Amino acid sequence: RRAIAKAAPAKKQAPQPAPPPVRRQALPVEVGIVRVVNSQLHFDDLSLKPNFGAAIETLNGTIRGLSGREDARAEVKLDGKVDRYAPVEITGQVNYFAANTYTSVRMKFDNMELTSLSPYSGKFAGYKIDKGKLSVDLQYLVQNRKLDAKHRVVIDQIQLGEKVESPDAVSLPVKLAIALLKDRNGVIDLDLPVSGTLDDPK
């Protein structure tokens, strides 16, 4: 006869407690004030054909209270112009060393030329932009990775131009949609709130 050995049932192990969260060590950095004087900030999107580029010129202002402490709040106050004419204001409080923990920023752009956005409208709407003005008021609040954002977008006197062949363009009657969104003064005024957590892409 063959002897058959039976293994003893494994003992259930008690669940291990989760390790305590690792606290970020404060960086030994304290900066009283940063002055921004007659500077420029450039943004380029090379993923588009033609490429998109924009610049904030004559950027001036201050950033006060930069610190490595986790509870630090730096006061931001900057202003400039997009393409030399459209005013820009950037204000708020930011923890630059832990931006996901706390960020409260407002950015206002007034009377920007819509024609500069033709690379985007061509790709996603299938049309270039012949004329129009764009103003946006963006407010972002992040607290412990929770996002609450408000976007007010005002489009004034937009007029689409020639059609662009693009595989990414939406298959919608774009010109009709714009005509329906315009008020009697030719203005489109939209409020676009966004909220959620930075850990969830939805």
Side-chain angles (χ1 to χ4, degrees), residues 36 39-61 76-94 99 103-142 146-198 200-202:
V36 180
S39 300
Q40 294 185 346
L41 188 153
H42 291 267
F43 172 80
D44 296 291
D45 188 343
L46 305 182
S47 68
L48 299 173
K49 298 296 181 183
N51 301 147
F52 171 78
I56 300 177
E57 301 174 358
T58 60
L59 185 65
N60 294 279
V76 180
K77 188 173 182 180
L78 301 170
D79 60 74
K81 297 184 185 302
V82 175
D83 297 329
R84 295 184 297 173
Y85 301 108
V88 178
E89 292 181 16
I90 303 172
T91 57
Q93 292 183 327
V94 178
T103 297
S104 178
V105 171
R106 183 176 187 180
M107 295 176 285
K108 294 182 65 178
F109 300 79
D110 289 322
N111 288 316
M112 295 186 297
E113 289 289 343
L114 269 174
T115 52
S116 64
L117 297 177
S118 279
Y120 287 106
S121 66
K123 179 174 182 176
F124 297 112
Y127 291 92
K128 290 184 178 180
I129 298 175
D130 271 356
K131 73 171 187 177
K133 296 283 189 177
L134 173 67
S135 297
V136 293
D137 187 348
L138 313 175
Q139 298 179 53
Y140 296 97
L141 174 63
V142 177
K146 302 294 184 183
L147 171 67
D148 182 15
K150 299 175 183 177
H151 309 85
R152 186 182 178 199
V153 181
V154 178
I155 301 171
D156 189 10
Q157 310 302 323
I158 182 172
Q159 182 174 314
L160 295 182
E162 65 180 278
K163 190 171 179 57
V164 176
E165 293 299 325
S166 169
D168 298 310
V170 295
S171 56
L172 296 172
V174 176
K175 289 188 174 181
L176 175 61
I178 289 175
L180 293 173
L181 287 170
K182 284 182 179 180
D183 65 14
R184 63 182 180 179
N185 298 314
V187 176
I188 299 173
D189 193 337
L190 302 173
D191 284 313
L192 304 171
V194 177
S195 62
T197 171
L198 301 182
D200 183 357
K202 293 182 181 180

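Just so we're clear, the structure is a prediction, and the values are computed from it rather than from any experiment.
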Report task. Would you check if the side chain of Ser166 reaches a backbone N or O of Lys123 as a donor-acceptor pair within less than 3.5 Å? Result -> yes
Query - Heavy-atom pair with the smallest gap, counting every atom of Gly80 and Ile56 - result: CA-CG2, 4.2 Å
**Report entry** Set of side-chain hydrogen bond (donor to acceptor under 3.5 Å, both in side chains) partners for Tyr127, sequence neighbours left out
**Finding:** none
**Report entry** Side-chain touch Leu147/Leu141, heavy atoms, less than 4.5 angstrom
**Finding:** no
Report summary line: Across all chains, not counting sequence neighbours, the ring pair (Phe, Tyr, Trp, His ring centres under 6.0 Å) partners of Phe52 are Tyr120
Query raised in the report: Partners of Thr103 by side chain to side chain contact (heavy atoms under 4.5 Å, CB included), sequence neighbours excluded?
Result: Val94, Ala99, Val105, Val142
Report task. Report yes if some heavy atom in the side chain of Ile158 is under 4.5 Å from a heavy atom in the side chain of Ile178; otherwise report no. Result -> yes
Query - With sequence neighbours excluded, residues passing side chain to side chain contact (heavy atoms under 4.5 Å, CB included) with Lys77 - result: Thr62, Thr91
Query raised in the report: What residues form a side-chain hydrogen bond (donor to acceptor under 3.5 Å, both in side chains) with Glu165, not counting sequence neighbours?
Result: none
Query raised in the report: Atom OG1 of Thr115 and atom CD1 of Ile129: how far apart are they, to the nearest 0.5 Å?
Result: 7.5 Å
**Report entry** Donor-acceptor pair, side chain of Asn60 and main chain of Thr58, under 3.5 angstrom
**Finding:** yes
Query - Listed once per pair and sorted, the side chain to side chain donor-acceptor pair (under 3.5 Å) pairs that draw on residues 167-193, sequence neighbours left out - result: Arg152-Asp189
Report summary line: Contacts of Ala86 meeting side chain to side chain contact (heavy atoms under 4.5 Å, CB included) (sequence neighbours excluded), chain-then-number -> Val82, Met112
Requested in this report: Compare all side-chain heavy atoms of Ile155 with those of Val187 and state whether any distance is below 4.5 angstrom.
Outcome: no
Report task. Would you mind listing every salt bridge (charged side-chain N to carboxylate O under 4.0 Å, His left out) that reaches into residues 44-58, with sequence neighbours excluded? Result -> none
Query - Minimum heavy-atom distance Pro50-Pro119, with the two atoms named - result: O-CB, 3.4 Å
Query - Shortest non-hydrogen contact between Ala125 and Val174, atoms and distance - result: O-CG2, 3.7 Å
Query raised in the report: Can you list every salt bridge (charged side-chain N to carboxylate O under 4.0 Å, His left out) pair that touches residues 127-141, not counting sequence neighbours?
Result: Arg106-Asp137, Glu113-Lys133, Lys128-Glu162
Query raised in the report: Quick one: does Asp79's side chain get under 4.5 Å of Leu59's, heavy atoms only?
Result: no
Report summary line: When every non-hydrogen atom of Arg84 is compared with those of Lys81, the smallest separation belongs to O-CD, 3.2 Å
Query raised in the report: What is the distance from atom CZ of Phe124 to atom CG of Leu117, rounded to the nearest 0.5 Å?
Result: 12.0 Å
**Report entry** Nearest-0.5 Å distance that lies between atom CG in Leu190 and atom CG in Leu181
**Finding:** 6.0 Å
Requested in this report: Using a 4.5 Å cut-off on heavy atoms from C-beta on, say whether the side chain of Leu46 contacts that of Leu48.
Outcome: no
Report task. State whether the side chain of Ser135 and the backbone N or O of Asn111 hold a donor-acceptor pair below 3.5 Å, judged by distance alone. Result -> yes
Requested in this report: Using side chain to side chain contact (heavy atoms under 4.5 Å, CB included) as the criterion, list what pairs up with Leu180, not counting sequence neighbours.
Outcome: Leu176
Requested in this report: With sequence neighbours excluded, give me every ring pair (Phe, Tyr, Trp, His ring centres under 6.0 Å) pair touching residues 147-177.
Outcome: Tyr140-His151
